[in-house]
Amino acid sequence: MKNWEDLKNILVEFRNERDWEQFHNPKDLALALSIEVSELNEQLDHSPFSI
């Protein structure tokens with residue numbers, strides 16, 4: 001992989017092969033990100049490490 005443009009192209013191809021473009025709008029992406037961050041926070045909340 002040479003640069004960010006190559007990575008973007010690989011990810012877009014991956015998305016297009018699965019017909020996921022219909023889910024890639026600002027609302028759905030924000031909701032998905034929020035859910036993933038919540039799961040990470042839950043793991044850190046039960047961790048013996050402090051940040």
Side-chain angles (χ1 to χ4, degrees):
M1 186 174 341
K2 297 176 185 172
N3 57 41
W4 291 108
E5 191 66 28
D6 290 343
L7 176 59
K8 184 186 113 187
N9 291 336
I10 290 168
L11 292 173
V12 167
E13 182 180 342
F14 180 87
R15 177 202 67 190
N16 291 342
E17 289 172 353
R18 289 154 180 80
D19 193 29
W20 287 350
E21 188 173 7
Q22 60 185 322
F23 306 112
H24 289 184
N25 59 66
K27 177 189 154 251
D28 289 340
L29 291 173
L31 287 172
L33 179 60
S34 174
I35 291 167
E36 295 301 325
V37 169
S38 294
E39 291 177 6
L40 178 60
N41 283 337
E42 182 180 357
Q43 294 299 314
L44 292 173
D45 189 38
H46 297 95
S47 169
F49 305 105
S50 62
I51 299 176

Task: Heavy-atom pair of closest approach, residues Glu21 and Asn16 - done: OE1-OD1, 4.0 Å

Open item on the list: Nearest 0.5 angstrom please: Arg18 CZ to Glu13 CD, how far?
Closed with: 9.5 Å

Task: ILVMFWY cluster membership beyond Leu33 - transitive side-chain contacts under 4.5 angstrom - done: Val37

Open item on the list: Can a donor-acceptor pair be found, under 3.5 Å and without considering hydrogens, that links the side chain of Ser38 to the backbone of Ser34?
Closed with: yes

- [ ] Give the C-alpha distance, both sets of side-chain angles, the deciding distance and a yes or no for side-chain contact (heavy atoms from CB on, under 4.5 Å) between Lys27 and Leu31.
- [x] CA-CA 6 Å; Lys27 177 189 154 251; Leu31 287 172; 4.0 Å; yes

- [ ] Give a yes or no answer on whether the side chain of Asn9 reaches the backbone of Glu5 with a donor-acceptor pair at less than 3.5 Å.
- [x] yes

Task: Nearest-0.5 Å distance that lies between atom CG in Asp6 and atom CG in Leu11 - done: 11.0 Å

